2 protein chains.
Amino acid sequence: MIDSTDPVQACPIAPVIDVVFSRWTTPILWTLNEFGKHRFVELERRIGVITAKVLTQRLRQLERDGLVVRTYYPEVPPRVEYEISDLGRSLAPLFQSLAEWSPNLDKVAEAREHYDTHEPAHRRP
Amino acid sequence: MIDSTDPVQACPIAPVIDVVFSRWTTPILWTLNEFGKHRFVELERRIGVITAKVLTQRLRQLERDGLVVRTYYPEVPPRVEYEISDLGRSLAPLFQSLAEWSPNLDKVAEAREHYDTHEPAHRRP
DNA sequence: GATAGTAGGTACCTAGAGGAAAGTACTGGC
DNA sequence: GCCAGTACTTTCCTCTAGGTACCTACTATC
């Protein structure tokens, strides 16, 4: 995934997107960073629309990437806690930047409306 | 009412990722922001592995979202120029944050190697 | 008349992501 | 005896993003 000879990755920020903001990882990392430790079902319920299978896959991936720490307690019934790692915490300024830009989503919605309601015939061959 | 357990409100930055950093849009926006105006084939060649079909789709999407401006010159052969919009330029601090975090990708690679070479049997049920 | 060059559009096909549902192992509680 | 609860795993199925290949219109050049 991290391969600087890949032409796509001629763009130096694409690998960061791949690792940190790939599908489903954004809400997981954001939740763990914002609200701290979570058990598996707590994460599942808070994110809401994610299935257990995909949540497991993404948590393994994030654990492997060193962004999330998994702790297993061999009790009955079993208990597992997920928390963000130090490396994961270093993403905080990034989340901040994203949150600061998010008000611009209104302008995006506006642009879409303009694009959809105006005939672009005069601009296109 | 602000309910952090509401799946919709669960993660406020996910919509930004969807609009700005969805698949293939990252290298396009980054290239236009970094190197200015590009013709269609110039973009195609610089990004390298993208197909014309997908490039067209993503450029339409970015134009619709108001992040990219398309200018058509009715010459022969036809000429089209794509450049980043003011709204797109407002992403610059975000690109900056991402670029600043990118050295941490080394730690990710390290974590992966550690995860893959160490037996996690003692941590897993 | 064949070819190149531009900026796409269109039809078809496949790989992979993700959803649904059931299974697993363990024990406490009714 | 059986259900509940946890943290998954596994199997099967569907849907869509993206790739391949070919098509458009227009002209200049060989």
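Sequence lines set the chain letters: A, B, ... in the order given, protein chains first and strands last, and positions in each chain run from 1. Worth saying up front: this structure is predicted, and the values here are computed from it rather than measured.
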- Among D:dC8, C:dA7, C:dG18, which nucleotide sits nearest the side chain of B:Val80? C:dA7
- Task: Tell me which nucleotide among C:dG19, C:dA7, D:dA7 gets nearest to the side chain of A:Phe40.
- Result: D:dA7
- Message: Output the rounded distance in Å from CH2 (A:Trp24) to P (C:dG18).
- Response: 8 Å
- Task: Tell me whether the OP1 or OP2 atom of D:dA7 has a side-chain N or O from A:Arg70 closer than 4.0 Å.
- Result: no
- Message: Does B:Lys53 contact C:dG8 through a side-chain donor or acceptor facing the base, at a distance under 3.5 Å?
- Response: no
- Item | Nucleotide nearest B:Val76 when distance is taken to its side chain, options D:dT27, D:dT20, C:dG18 | D:dT27
- Gap between atoms OH and C1', on B:Tyr72 and C:dT6 respectively (whole Å): 9 Å
- Interatomic distance where CZ belongs to B:Arg58 and P belongs to D:dA17 [whole Å]: 8 Å
- Query: With respect to the side chain of B:Pro78, which nucleotide from C:dA7, D:dG18, D:dA7 is positioned closest?
  - Reply: C:dA7
- Query: Given D:dC8, is OP1 or OP2 found less than 4.0 Å from the side-chain N or O atoms of A:Arg60?
  - Reply: yes
- Query: Should A:Arg39 be listed as having a side-chain N or O under 4.0 Å from OP1 or OP2 of D:dA7?
  - Reply: yes
- Message: Check whether B:Ser85 reaches the backbone of B:Gly66 with its side chain - one donor and one acceptor, N or O, closer than 3.5 Å.
- Response: yes
- Measure from CD on A:Glu44 to C1' on C:dG18 and round the result to the nearest Å. 15 Å
- Item | Rounded interatomic separation in angstrom, taking CZ from B:Arg45 and C1' from C:dG5 | 10 Å
- Message: Closer than 3.5 angstrom, by distance alone: can the side chain of A:Arg58 be matched with the main-chain N or O of A:Arg23 as a donor-acceptor pair?
- Response: yes
- Query: Given the rule in the salt bridge (Lys or Arg N to Asp or Glu O under 4.0 Å) test, do A:Arg112 and A:Glu110 qualify, once you have shown the distances and angles that lead to the verdict?
  - Reply: CA-CA 5 Å; A:Arg112 282 182 185 172; A:Glu110 205 177 307; over 6 Å; no
- Please give, in whole Å, the distance from D:dC8 P to A:Leu59 CG? 8 Å
- Message: In this structure, how many angstroms lie between the C1' atom of D:dA7 and the CD1 atom of A:Ile50, rounded?
- Response: 14 Å
- Got a donor-acceptor contact below 3.5 angstrom from the B:Arg64 side chain to the A:Val108 backbone? no
- Query: Would you say B:His118's side chain and B:Asp116's backbone share a donor-acceptor pair under 3.5 angstrom?
  - Reply: no
- Query: Under 4.0 Å between a side-chain N/O of B:Thr51 and OP1 or OP2 of D:dG19, yes or no?
  - Reply: yes
- B:Val41 vs A:Gln57, nearer the 5' end of DNA chain C by closest nucleotide: B:Val41
- Message: Would you say A:Gln61 and A:Gln57 are linked by a side-chain donor-acceptor pair, where the criterion is simply a distance under 3.5 Å?
- Response: no
- Does OP1 or OP2 of D:dC8 have a side-chain N or O of A:Tyr82 closer than 4.0 Å? yes
- Item | Selection from C:dG18, C:dA7, D:dG19 that lies nearest to any side-chain heavy atom of B:Arg79 | C:dA7
- Nearest listed nucleotide, side chain of A:Arg23, among D:dG19, C:dG18, C:dG9: C:dG18
- Among the nucleotides C:dA7, D:dT11, D:dT6, whichever has the atom closest to the side chain of A:Pro77 is D:dT6
- Rounded interatomic separation in angstrom, taking CG from A:Leu55 and P from D:dT10: 17 Å
